[in-house]
Number of protein chains: 2
Amino acid sequence: MPYVMVHIPKPPSAASPVPRSVPTSADVARLAGVSRATVSYVLNNTSAVRISEPTRRRVHEAAKELGYVPHAAARSLRAGHSRMVLMPAPAIAMGPLYGQFINELQWALSRLDYTVVQYGTVGLRGDEAARAWAELRPVAVLVPDAELGPEGVAVLKRAGARGVVTFGPERVEGAHALLMDHDAVGHCAGRHLYARGRRRIGVVVPAETGLETYSRPRLEGVRQALRGTDARVTGVPLAYTEQSAAELAARWPELGIDAVFAYNDEYAMLLMRALQDAGVRIPEDTAVLGADDLMLGRLLRPRLSTIHIDLPSGRELAELVDRVVRDPGAEPETHRVLGASVVQRESS
Amino acid sequence: MPYVMVHIPKPPSAASPVPRSVPTSADVARLAGVSRATVSYVLNNTSAVRISEPTRRRVHEAAKELGYVPHAAARSLRAGHSRMVLMPAPAIAMGPLYGQFINELQWALSRLDYTVVQYGTVGLRGDEAARAWAELRPVAVLVPDAELGPEGVAVLKRAGARGVVTFGPERVEGAHALLMDHDAVGHCAGRHLYARGRRRIGVVVPAETGLETYSRPRLEGVRQALRGTDARVTGVPLAYTEQSAAELAARWPELGIDAVFAYNDEYAMLLMRALQDAGVRIPEDTAVLGADDLMLGRLLRPRLSTIHIDLPSGRELAELVDRVVRDPGAEPETHRVLGASVVQRESS
DNA sequence: TTGAAAGCGTTACCAC
DNA sequence: GTGGTAACGCTTTCAA
């Protein structure tokens, strides 16, 4: 992005305030004429101790006047634990499905009084990343299985994490697992295309790195669904560019494929357009099937068939995390959470 | 999402390890037979002090054996500051453009040795949110201007934030600003449609809440571009559903609109399809213009014209943050960072 | 009802 | 070169 920042002179404004140092509870105590303990009692509404109303007011006023804000690090240091649930910020934008999932989850965890923090880990691999997360002493960690090994789980637990929950296609030793076996997506796709009479089935494998975790099991799922039948399955690499799609479409006749499961709706839209431009009729010559059930697929002509993916609700997941935190000794559980179903429209 | 988690019994695994307490540097010192200070020197590679090689080795081995991980809260408490840059996790999934922007930014800030944390603030409004952020004592905060008022800026600064940078269409008193005036996007769109000979111009305003911050200035920009001309500008509400689009398309003739700027490419695709289904010819009867320059727009027929939006690179932004942190006394600066240019294809 | 003091895990200063 | 010690900001027990 070659865009250059243009500096605009700041309009005259109020004089910058004197850079006071950060007010502490001691400052509040001093201003209110009470002890630090009293300040703590008042601001935390400690029920075990009864503070007179005038004192409460004085403390609150002092806190407000100073703009006092408690220091989270000091607090959790003293308490010996935090309510922080850590999850890695996704390295690649993973589409609206994942985004909504995250939002729901954050909301549900907030309701349970947890604080969700997405930690950007760039360049750190495996155990390095686990160590960086452990430094924050989160009470729970929610992480794609691809980013954490068994040693990573151990590091986090030793650092006091009461819950480690992974999600993705595989289990990780020692952690609770939300098993999203994308095999099921592929399996569903394979069965559908076979049922529609297709026998030479292509499966798009994105060329972009970072997606193998999902694309490989999806391909495997198709293979598995068609094992023992007369159908043939072919992996088809495709980058998310018009050029790549055009090149693939040009080779289409020689591939001899009569149906393609295109990883997701976006790749499906890209490929479908390229095939149409190359004169391939859809679905007569080749059926096209996407995944994710995006709204946009419905707008194409022919309308895009897709695999609808059911993710667990944020509320369920939050409750799982909470349960794990409350009973850290429990055996790691494995939950199968990914539902897949065909939405047949016109492209298959 | 009605999907129900299926519990799968855990396979037999290694006995769960004894729940030791979290190892501290004191434990490492004890095991290595040195003092806590020495441990600190060794693990932090303090250059001011020279430690014998055998001692170093003993410390490293002890740390490894115990699985010692330093406690970030304790460290920053002692240090009096952190390297944490805080940004709110977006409440609504904001498309691939924003996602890539965030990723680039995280990467660039990591290069400068900052730690990026996305803090999920659900339900907290304005100053409440600012206070929650302030508790973490971040060294810098990067936040959409819509989520922070001047008082919020003051709270954060009093809590020790050396840099507060807002981005979005408006400035916030006391903070550095990345002025993304979406007026420019609308302006660009208005000029283009006018130049194409259109005179009765509709501007889609998403019905979804949370987007007003962007949709309002875009509409204003179109108005502004066409002020004093013979063109007429009409705001057109549209929800992101097929039904809403169909209803709008049915009313299209009575609206008497010959060109529409559709907020972004996704709304444009939705509307364009509905118009086509209703028999409106594009671009002959009505021109359609999107924004964001998504790949998918190129796949439509007619190909979707769009406004390409140039965001600042993550590197530039990271450098701005770094500069602000290093010189917190500087006057707040305002940078104009949003470039808009027409990409004309076939729909306009 | 309030105050004094200990301690959470680290690091930096100053003696040894 | 290495080890004690104080201090960061907060909560909580105990004593007054």
Side-chain angles (χ1 to χ4, degrees), chain A residues 20-59 62-63 66-84 134-139 158-160, chain B residues 20-59 62-63 66-84 134-139 158-160:
Chain A
R20 285 167 301 194
S21 69
V22 185
T24 72
S25 75
D27 296 323
V28 177
R30 199 158 20 243
L31 181 57
V34 300
S35 75
R36 311 216 304 290
T38 306
V39 171
S40 177
Y41 291 143
V42 171
L43 296 183
N44 294 311
N45 266 321
T46 308
S47 53
V49 184
R50 299 189 61 78
I51 306 282
S52 70
E53 200 48 48
T55 305
R56 305 185 80 88
R57 197 176 1 254
R58 281 217 311 284
V59 170
L66 293 176
Y68 169 73
V69 174
H71 192 307
R75 175 178 284 173
S76 69
L77 182 58
R78 165 68 219 217
H81 59 87
S82 73
R83 299 281 292 173
M84 189 196 311
E135 292 192 2
L136 298 180
R137 299 289 191 273
V139 68
R158 261 202 307 270
Chain B
R20 283 168 302 194
S21 69
V22 185
T24 72
S25 74
D27 296 322
V28 177
R30 199 157 22 241
L31 181 57
V34 298
S35 76
R36 306 211 303 289
T38 307
V39 171
S40 177
Y41 290 142
V42 171
L43 296 183
N44 294 313
N45 267 321
T46 307
S47 52
V49 185
R50 300 186 60 78
I51 306 282
S52 70
E53 200 48 48
T55 305
R56 305 184 81 87
R57 203 184 348 262
R58 282 217 312 284
V59 169
L66 293 176
Y68 168 73
V69 174
H71 192 308
R75 175 178 284 173
S76 70
L77 180 59
R78 164 68 220 212
H81 58 87
S82 72
R83 298 282 292 173
M84 188 196 311
E135 291 193 2
L136 298 180
R137 298 291 192 272
V139 68
R158 261 202 306 269

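Convention: sequence-line order gives letters A, B, ...; per-chain numbering from 1.
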So, is [X] near the phosphate of [N], with a side-chain N or O under 4.0 Å from OP1 or OP2?
{"X": "A/Ser25", "N": "D/dG9", "value": "no"}
{"X": "A/Tyr68", "N": "D/dC10", "value": "yes"}
{"X": "B/Ser52", "N": "D/dT2", "value": "yes"}

Please find the earliest and latest nucleotides of DNA chain C, in the 5' to 3' direction, that have an atom within less than 4.0 Å of any heavy atom of chain A.
C/dT1 to C/dG9

Could you tell me whether [X] contacts a base, only the sugar-phosphate backbone, or nothing, with contacts defined as non-hydrogen atoms closer than 4.0 Å?
{"X": "A/Thr55", "answer": "sugar-phosphate"}
{"X": "A/Val49", "answer": "base"}
{"X": "B/Leu77", "answer": "base"}

For B/Val59 versus B/Val39, what's the shortest heavy-atom pair and its separation?
CG1-CA, 4.2 Å

Rounded to the nearest angstrom, tell me the gap between atom CZ in B/Arg58 and atom P in D/dG3.
9 Å

Take atom CZ of B/Arg30 and atom C1' of D/dT2, then tell me their distance rounded to the nearest Å.
18 Å

Mind checking the [atom1]-[atom2] spacing from [X] to [Y]? Nearest 0.5 Å is all I need.
{"X": "A/Arg58", "Y": "A/Glu53", "atom1": "CZ", "atom2": "CD", "answer": "11.5 Å"}
{"X": "B/Ser21", "Y": "A/Arg158", "atom1": "OG", "atom2": "CZ", "answer": "12.0 Å"}
{"X": "B/Leu77", "Y": "B/His71", "atom1": "CG", "atom2": "NE2", "answer": "10.0 Å"}

Both B/Arg137 and B/Ala37 contact DNA chain D. Taking the nearest nucleotide for each, which residue is further toward the 5' end?
B/Ala37

Shortest side-chain distance from A/Tyr41, nucleotide among D/dC10, D/dT12, D/dG3
D/dT12

Out of D/dA7, D/dT12, D/dG3, which nucleotide sits closest to the side chain of A/Ser40?
D/dT12

